[in-house]
Amino acid sequence: MTTRQTAIWSAAGLIVGLAAATPAQAQAPLVLTLEDAVARGKAEAPRLGEARARIAAADAATDARASLKRPTASANTGYLRTNHVPEFGVPAAGGGTRIIFPDIPDNYRARAELNVPIYTSGRVDALVASAQADERAADADRRTTEADVAFETARAYWALALARADVGVLEQALQRADAQLGDVRSRVEAGVLPPNDLQSSQAQRARQFVRLIQVRNVAAFAEAELGRLVGAAPGQAIALATPVDRPTPVQAGGAAAATLDLNALVSVATAQRAERDAIAARQSALISTGEAALAATRPQIGALAAVEPAWPNPRFVPRADQWHTSWDLGVNLSWNFFDAGRARAERASVTAQADALGFRLKEFDQVLQLDIRQRLLDFESHQAALAASGEAVTAAAEARRVIEQRFAAGVATSTDVLDAQLDLVEAEIERTRLQVQLRLDEARLLRALGGS
């Protein structure tokens, strides 16, 4: 055995020893189907909590602007102490003096007021429409985040499935390599094969074991990543309940998406993509904001009703050191007919921003069509590749069987057997990768269509 082979075996033995020394998980494994994982991912994602909070904020902003159309009431009261002043009076007809302006240093005042907007030239309606559009945009952002979380969870789910499939294939390959190594050792000891065949088998077995260690590490990381997304406890094992060969339902317009043509899929995506809804809603919000800015230059009409008890009340002459109540009823008309072009400039600014979003929406539609086309091409190519890989696995398995029979008959070398085993392992891994890739293609297509 060479020094390199000895090092490989030593490293492998150390890793196996460390794995054996690790305490078993006390927690029961978390069994997840793909649907369960996606549902838990949506429930656990902090980004969705943030998106829902933004919707609540937008909803509150809509209520605040809608309140501008409703009456408002206010009340205030106060006390004022003034300096003493000489009283002013006139002689009374019957004698004495009639006080016209008494010295009342203590002044009390209260006022309750009701304001009713009557006509705002559409300004408030435009502000409400802008806030409602912002709320729709926030909800579209939530749906976008939800679709992203669903796709990330599905991708992590299938990444773990792929890593575990690789582990299973390599474990089987290692078992076959062990069996082959034992057979070769017995033949070398019997003098049928030269010693270098044993060394070649040992080196091949060591390489298989190193690959197994690597994919086990990949599987452990994939499990931790999926656990983070679904909110599993740290270190908790995850059992996948959805087989990798089960197609993911991708529905569009009542038929499987893979059976629809490009134009039909683009139409579905255009109607469902939340990102597009968000852009359109923000464009609508800017247009409404511009209308509200321009409406500020038109007449505004409001009504006023107020009651004001005061001590003394200056509306009553002569002033008296007692409470008197007065009231107001009125209609106010305000018209800011010249503002040096401010309102028109504000409207032009937000209109230009709305036009910019219109161009972004046009680009989104163009990119969306290209994205759908790419997803379909990937889906179709991987379907064809999977069918071919199945044939490759069948052929590699048959080749290995024939080579093993020839080896048993003494007409093939151990190297031929090792090569045949390696070909079968590679074919099985490739088939598993293509199966997972097909599931990922379905997830990407579902995301491109706006589903979650």
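When reading the values below, keep in mind they use all heavy atoms of this one structure, side chains included, and skip hydrogens, waters and symmetry mates. Bear in mind that the values here come from a model prediction, so they are computed numbers and not experimental data.
Contact detail for R431 and V393: the closest heavy-atom pair is NH1-CG1, 3.8 Å. Nearest heavy atom pair, residue R111 against residue A306, reads NH2-CB, 3.3 Å. Residues V425 and A173 come closest through the heavy atom pair CG2-CB, 3.1 Å. L333 approaches I301 most closely through the heavy-atom pair CD1-CG1, 3.6 Å. Nearest heavy atoms, T153 versus A37: CG2-O, 3.2 Å. Between P117 and K69, the closest heavy-atom pair is CG-O, 3.6 Å.
Side-chain atoms of Q283 do not come within 3.5 Å of backbone N or O of D355 as any donor-acceptor pair. Remark: the backbone N or O of A126 is not paired with any side-chain donor or acceptor of S130 at under 3.5 angstrom. Remark: side-chain polar atoms of Y157 are paired, donor with acceptor, to backbone N or O of L32 under 3.5 angstrom. Proximity of a side-chain donor or acceptor of S349 to a complementary backbone N or O of A345 within less than 3.5 Å is not detected. Side-chain atoms of S284 never come within 3.5 Å of backbone atoms of A280 as a donor-acceptor pair (strictly under, hydrogens ignored).
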* **salt bridge (charged side-chain N to carboxylate O under 4.0 Å, His left out) assessment of D139 paired with R142** => CA-CA 5 Å; D139 183 67; R142 178 197 59 79; 3.2 Å; yes
* To do: For the pair R375 and D371, evaluate salt bridge (charged side-chain N to carboxylate O under 4.0 Å, His left out) and give the outcome as yes or no after the intermediate values.
  => CA-CA 6 Å; R375 300 284 77 80; D371 187 31; 2.6 Å; yes
* Does the pair R155 and E442 meet the rule for a salt bridge (charged side-chain N to carboxylate O under 4.0 Å, His left out), with working shown? -> CA-CA 10 Å; R155 183 171 57 186; E442 292 167 344; over 6 Å; no
* Taking it one step at a time, do Q300 and W335 satisfy side chain to side chain contact (heavy atoms under 4.5 Å, CB included)? -> CA-CA 6 Å; Q300 314 284 318; W335 186 6; over 6 Å; no
* To do: Take R344 and D339, measure what side chain to side chain contact (heavy atoms under 4.5 Å, CB included) needs, and give me the verdict at the end.
  => CA-CA 9 Å; R344 293 187 180 277; D339 64 351; over 6 Å; no
* **Residues N115, E113; criterion side-chain hydrogen bond (donor to acceptor under 3.5 Å, both in side chains); working and verdict** => CA-CA 7 Å; N115 288 280; E113 187 172 292; 3.1 Å; yes
* To do: Begin from the C-alpha positions of I372 and L262 and carry the test side chain to side chain contact (heavy atoms under 4.5 Å, CB included) through to its verdict.
  => CA-CA 7 Å; I372 296 295; L262 176 63; 3.6 Å; yes
* Take R406 and D416, measure what salt bridge (charged side-chain N to carboxylate O under 4.0 Å, His left out) needs, and give me the verdict at the end. => CA-CA 10 Å; R406 289 171 59 83; D416 295 332; over 6 Å; no
* Going through the distances and angles, do R143 and D277 end up as a side chain to side chain contact (heavy atoms under 4.5 Å, CB included)? -> CA-CA 10 Å; R143 290 188 285 120; D277 294 342; 3.0 Å; yes
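Both the sub-6.0 Å distance and the 45° axial angle are not jointly satisfied by R216 relative to the ring of F221. Relative to the ring axis of F209, R211 does not place its NZ or CZ within 45° and under 6.0 Å from the centre.
A donor-acceptor contact closer than 3.5 angstrom links the side chains of R207 and Q204. At a cut-off of 3.5 Å, with distance as the only test, a side-chain donor of R109 or N76 sits close to an acceptor on the other residue.
Note on R187 versus D183: salt bridge recorded, some NZ/NE/NH1/NH2 to OD/OE distance being below 4.0 Å. R52 and E50 are not joined by a salt bridge, as no carboxylate oxygen comes within less than 4.0 angstrom of a charged side-chain nitrogen. Using a 4.0 Å cut-off between charged nitrogen and carboxylate oxygen, R444 and D441 count as a salt-bridge pair. A salt bridge between R282 and D141 is present, with a side-chain N of the basic residue lying under 4.0 Å from a carboxylate O of the acidic one. Salt bridge status for E398 with R401: present, with a side-chain N to carboxylate O gap under 4.0 Å.
Within the 4.5 Å cutoff, side-chain heavy atoms of R433 are placed close to those of D166. Side-chain contact between V367 and L370: absent, with no pair of heavy atoms (C-beta onward) separated by less than 4.5 Å. Inter-residue side-chain proximity for S334 and P299 is flagged as unmet; no heavy-atom pair is nearer than 4.5 Å. Using a 4.5 Å heavy-atom cutoff, the side chains of V266 and D365 are not in contact. Contact check for L265 versus L449: side-chain heavy atoms found under the 4.5 Å cut-off. A heavy-atom distance below 4.5 Å is found between the side chains of R205 and L174. When side chains are defined from C-beta on, Q421 counts as touching V417, because their heavy atoms get closer than 4.5 Å. At a threshold of 4.5 Å between non-hydrogen side-chain atoms, the residues V167 and L212 count as touching.
Screening L127, V124, D125 for a side-chain contact (heavy atoms from CB on, under 4.5 Å) involving R65 leaves a single residue, L127. Results of the salt bridge (Lys or Arg N to Asp or Glu O under 4.0 Å) test with E152 over R47, R447, K42 single out R47 as the only residue that passes.
Other residues, nucleotides and ligands place no more than 12 heavy atoms under 6.0 Å from the CD atom of E363. More than 12 heavy atoms of other residues, nucleotides or ligands sit less than 6.0 Å from atom OH of Y79.
Rounding to the nearest 0.5 Å gives a distance of 9.5 Å between OG1 of T62 and CZ of R136. The structure places CD1 of I55 at 12.5 Å from CG of D134, a figure rounded to the nearest 0.5 Å. In this structure, OG in S389 is found 10.5 Å from NE2 in H382, a value given to the nearest 0.5 Å. Separation of atoms CD (E346) and OG1 (T297) is listed at 10.5 Å; rounding is to 0.5 Å. Put simply, CG on D378 and CZ on R373 are 12.5 Å apart, with the number rounded to the nearest 0.5 Å. Taking CG of L438 as the reference point, atom CD of Q435 lies at 8.5 Å (rounded to 0.5 Å).
For residues 221-242, the salt bridge (charged side-chain N to carboxylate O under 4.0 Å, His left out) pairs, not counting sequence neighbours, are R164-E223, E225-R228.
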